[in-house]
Peer 1: 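The structure follows.
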Amino acid sequence: MSVVVLISGRGSNLRALVEAGLPVAAVISNQASAAGLAYARERGLGTAVVGHAGYARRDAFDDALAAEIDRFRPRLVALAGFMRILTPAFVRRYEGRLLNIHPSLLPAFPGLHTHARALAAGVKVHGATVHFVTPELDHGPIVIQAAVPVLPGDAEDALAARVLAQEHRIYPQAVRWFLDGRLVLETGVVRVADPDARQSVLATE
Ligand code: GRF
């Protein structure tokens, strides 16, 4: 019933998952210096580093990553700031049990620099999305979203912090729903089998 979390850096979403009491068995990073790895070690979680620089080919890196993941026999693999594009073969291997958190209201602003792009576009509402991973980057069935206002005069940092606070709420919620068997995928759309979920799939500040 455990979760393996993949990170590349800070690891604040990892921390939110652990502090929510979710069964995180291990943390795997492609960066040995990731701050989230130090946190995981302090907490006594399993850790592993699969450095992408050691692999000439993306599929060889993904195979090595999968071998590390599978050692922990997780029910769920959660990407939390994992800054590598995964091959379609990797995504298929974990189909239906691979989640990602992305700092925008998808399908708006897939990819990088979402907060700067939201400010440049002048959107009035921004946010974060937890979704099942499909081979297309930052696409895939949406589990839960959180919306925040974009305030006049917002700087990128302020907006990012407002979104991040919501990320830390919705990722644990999504993982808990998954582990409780409540996420039902029907023709590419996620339904949460929970009588109260009608309100909570959209979290607002
Ligand atoms: C978060 O904004 C997440 O949405 C994005 O990368 C960032 C990771 O932050 N995918 P952290 O490492 O969890 O603090």
Side-chain angles (χ1 to χ4, degrees), residues 3-22 24-43 45 47-52 65 76-86 90-91 94 98-119 123 125-150 154-176 178 201-205:
V3 183
V4 165
V5 183
L6 305 189
I7 64 166
S8 295
R10 181 175 58 182
S12 70
N13 278 290
L14 159 68
R15 189 181 282 255
L17 295 174
V18 171
E19 287 175 3
L22 292 160
V24 176
V27 179
I28 301 176
S29 178
N30 62 316
Q31 298 282 357
S33 60
L37 273 182
Y39 169 77
R41 287 191 198 103
E42 271 167 34
R43 298 290 300 227
L45 306 175
T47 59
V49 175
V50 184
H52 57 268
L65 184 61
L76 174 70
V77 179
L79 306 180
F82 187 66
M83 303 302 284
R84 298 291 300 169
I85 292 173
L86 298 163
F90 181 95
V91 172
Y94 299 103
L98 183 58
L99 289 177
N100 182 44
I101 185 152
H102 180 76
S104 79
L105 290 173
L106 291 173
F109 310 122
L112 296 173
H113 311 301
T114 54
H115 309 306
R117 287 159 62 206
L119 288 172
V123 296
V125 178
H126 185 41
T129 302
V130 179
H131 65 97
F132 281 102
V133 176
T134 56
E136 198 178 345
L137 182 70
D138 298 330
H139 276 70
I142 291 170
V143 175
I144 184 169
Q145 295 185 299
V148 303
V150 180
D154 256 347
E156 189 180 341
D157 285 5
L159 183 57
R162 195 174 306 129
V163 171
L164 192 64
Q166 298 304 311
E167 293 184 35
H168 297 162
R169 289 175 52 199
I170 64 172
Y171 214 0
Q173 175 67 84
V175 169
R176 182 160 288 124
F178 179 90
V201 286
L202 176 63
T204 46
E205 267 192 322

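The model shown is predicted, which means the values in this text are computed figures rather than measured ones. Note that ligands are numbered from 1 as they come in the structure, with each ligand's atoms numbered from 1 the same way.
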Peer 1: Answer with yes or no whether the side chains of Q31 and S8 bring together a donor and an acceptor at under 3.5 Å.
Peer 2: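 Short answer, no.
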Peer 1: Report yes or no: do R176 and Q173 form a side-chain donor-acceptor pair below 3.5 Å?
Peer 2: no
Peer 1: Quick one: which residue pairs count as a side chain to side chain donor-acceptor pair (under 3.5 Å) with a foot in residues 106-117, not counting sequence neighbours?
Peer 2: H115-H126
Peer 1: What residues come within 4.0 Å of ligand 1, counting heavy atoms only?
Peer 2: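 Residues R10, G11, S12, N13, G81, I101, H102, P103, E167 each place a heavy atom under 4.0 Å from ligand 1, listed by chain and number.
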Peer 1: So, using salt bridge (charged side-chain N to carboxylate O under 4.0 Å, His left out) as the criterion, who are the partners of D154 when residues are at least two apart?
Peer 2: R162
Peer 1: Treating S29 as the side-chain partner and I7 as the backbone partner, does any N or O pair qualify as donor plus acceptor under 3.5 Å?
Peer 2: yes
Peer 1: Taking only residues two or more places apart in sequence, or in another chain, which ones meet F132 in a ring pair (Phe, Tyr, Trp, His ring centres under 6.0 Å)?
Peer 2: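 Testing F132 for ring pair (Phe, Tyr, Trp, His ring centres under 6.0 Å), a comparison that skips the adjacent residues, returns none.
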